[in-house]
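Naming convention: chains lettered A, B, ... in sequence-line order (proteins, then strands); numbering from 1 in each chain.
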Protein chains: 2
Amino acid sequence: MEAKEILKVHVAKLASLSDDEFDYFFSFFKNQSFKKGQVIISEGDMVDCEYFVISGCLKSFYINDDLKMFILQFAMPTWWASDYNALYNHTKASINVDCITDTEVLCLSNADREKLCNELHNAEHFFRWRTNKGYIAANKRLLSFMNNNVKYRYEELLKLYPELYNIVPKNLIAAYLGVSRETLSRLYQA
Amino acid sequence: MEAKEILKVHVAKLASLSDDEFDYFFSFFKNQSFKKGQVIISEGDMVDCEYFVISGCLKSFYINDDLKMFILQFAMPTWWASDYNALYNHTKASINVDCITDTEVLCLSNADREKLCNELHNAEHFFRWRTNKGYIAANKRLLSFMNNNVKYRYEELLKLYPELYNIVPKNLIAAYLGVSRETLSRLYQA
DNA sequence: CTTAAAATGTGACATAGGTCACATAAATTA
DNA sequence: TAATTTATGTGACCTATGTCACATTTTAAG
C-alpha cells in the first residue's frame, strides 16, 4: 500500500472526508525518507513539522543532564511523532526524534495543519480526535508508571506492540520503561 | 465573576467565538454544585459528562487492587476533569472523580460536546486545542516522572500550583507524586 | 465542647532498582 | 574478513523508597 492510501485509511477511522477533501488534505503532506540513525529533530532546533510514519520506526526521546536517555514514544507505521510542545508553542525542541530503522514518513508543517483545520472542518475533527486518543494513551502510561513494576510494564508493552521486540534493542526498551538496561536484563535472570 | 464569564474568558484564550456563538456554546452547559467529599464519577459508572471547574477543587484518581490511590489530576478553577477514556469510548469508568473542597462546575455531556463541535467549527477548534494542551502536559509529567526524584517533583508541583499547598493534604499530594505519604513526609526531615 | 476520624511524623527494617565494573556477543563499517 | 562499535549479561554493592507500627496533631462531626 502506498503512503497516500495508508494515510487515507488512517484518517477514515476518525473522520469522514470525501475523496476530494482527502486529496486536498493529502496535498499538504510531503514524502520523506530517512536512514537508520538519522536525526529528524534535535534538541535546540526550531520545530516546523510533525511526521506520520509510513514504514520503519522512529523514537522521540529526551536526554537529561547526566546524558541519560528517556524515550517518550516509539513511532511505528500510522503513528505520529514530533516535539509537540515545541511545535505548538513555537519554542525550541527539548526532545529529539531519530530513526531506529530506515523510515518513510509523510511530513506536515504546523502552518499547513492549521490552514487545513481552518479550511476543512473535517480535518479539524480528525486532529481533535487524534489528540484525544494520544491524551488518553499518555494518561494510561502515567498510571501504569505509578501503579506497576518494571516486569509488568515490560510485558504489557510487548503484549501491546509485539513488533517492537524484534525491531528495538533492549537498551531502548529500558529507556522507554524508565529503568536501567541492567534492571531490564535481570528481569528474566534464572 | 460568574460561571458564564469564567468560561468565556477561558474559551477566548484558544478560539474566537462571537458573542452569539458563545451564548449558543454556553447553552449546552449545566451548572452543578457539590459538597466536599462528594463523588462525581465512581469506578464502574457509565460516564456521560465532563466538568469545567468554576470554583473549588476536584481530584481524579485510580484505586488499585491493594486499595492504593493514585491521583491523575487535581482540577482547580478553569480546569476540566472527567474519565476521558470512559467518556470518549463509552465504557465504564476505571477512575473516580470527587471533591476535595466544595466545588461548582459547569457540566457538558459527551453528546452535547460532539453536537457543538459539529455545528460550530470554532467549538471544535477550541476542543482540539484544549486537548493539545492536555496532551503536552501529560507528556511533560511523564518525563518528569522518569527523570526527576520525588523532592524535585514536589517542588516543581508547588512552584507551578502554589494554591495546592493550602487546599490539598499531603497524603493526596503524595498520591499525585506516586510515592508513599511517609516518603513525602521525610523529604524535609532534619 | 467533646469525640471520632483524618492527617502527619518518625523509627526499624525490607526490597526494588541504580551504579560501576567487566566479560561476551552481535551488528556495523572499513 | 577484520576491526570497531553497540548491545547484552551478570556480580557486588549502594540508595531511594516502600511497608508496618505507633505516637501526635489537626480537622470534622455530633
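- Across the protein-nucleic acid pair, Asn149(A) atom CG and dG18(D) atom P stand 13 Å apart, rounded to whole Å.
- What separates CE of Met146(A) from C1' of dG18(D) is a distance of 16 Å, to the nearest Å.
- Nucleotide dA28(D) holds its P atom 11 Å from the CG atom of Asp102(B), rounded to whole Å.
- Less than 6.0 angstrom separates the ring centroid of Phe28(A) from the ring centroid of Tyr24(A).
- The ring-ring contact (aromatic ring centres under 6.0 Å, His included) check on Tyr154(B) picks up nothing, with sequence neighbours excluded.
- Contact annotation: Lys68(B) reaches the phosphate of dT19(D) (side-chain N/O to OP1 or OP2, under 4.0 Å).
- Less than 4.0 Å separates DNA chain C from at least one heavy atom of each of the following residues of residues 154-184 of chain A: Gly178(A), Val179(A), Ser180(A), Arg181(A), Glu182(A), Thr183(A).
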Let me see the working for Asp48(A) and Ser109(A) under side chain to side chain donor-acceptor pair (under 3.5 Å), right down to the final yes or no.
CA-CA 6 Å; Asp48(A) 198 50; Ser109(A) 79; 4.9 Å; no
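- Rounded to an integer number of Å, the gap from CZ of Arg186(B) to C1' of dG18(D) is 9 Å.
- With hydrogens and angles disregarded, no donor-acceptor distance shorter than 3.5 Å links the side chain of Asp98(A) to the backbone of Gln38(A).
- Residue Asp66(B) contributes atom CG, which lies 12 Å from atom C1' of dG18(D) at whole-angstrom precision.
- Straight-line distance from the NZ atom of Lys35(B) to the P atom of dA29(D): 11 Å, rounded to whole Å.
- Following rounding to the nearest Å, Phe70(B) (CZ) and dT17(D) (P) show an atom-to-atom distance of 15 Å.
- Two end axes, each from the C1' atoms of five base pairs, can be drawn for the helix from dC1(C)-dG30(D) to dA30(C)-dT1(D); they diverge by 60°, to 10 degrees.
- Residues passing the ring-ring contact (aromatic ring centres under 6.0 Å, His included) test with Tyr152(A), sequence neighbours excluded: none.
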Show the numbers, then the answer: is there a ring pair (Phe, Tyr, Trp, His ring centres under 6.0 Å) between Phe74(A) and Tyr176(A)?
CA-CA 8 Å; Phe74(A) 296 114; Tyr176(A) 178 89; 5.2 Å; yes
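- Between the CZ atom of Arg153(B) and the P atom of dA16(D) there is a distance of 14 Å, rounded to whole Å.
- Toward the 5' end of DNA chain D, the nearer of the two residues Lys151(B) and Lys36(B), judged by each one's closest nucleotide, is Lys151(B).
- When the salt bridge (charged side-chain N to carboxylate O under 4.0 Å, His left out) test is applied to Arg181(A), no partner is found at least two apart in sequence or on another chain.
- Residues passing the salt bridge (charged side-chain N to carboxylate O under 4.0 Å, His left out) test with Glu114(B), sequence neighbours excluded: Arg128(A).
- Checked against the 6.0 Å centroid criterion, the rings of His10(B) and Phe126(B) qualify as a close aromatic pair.
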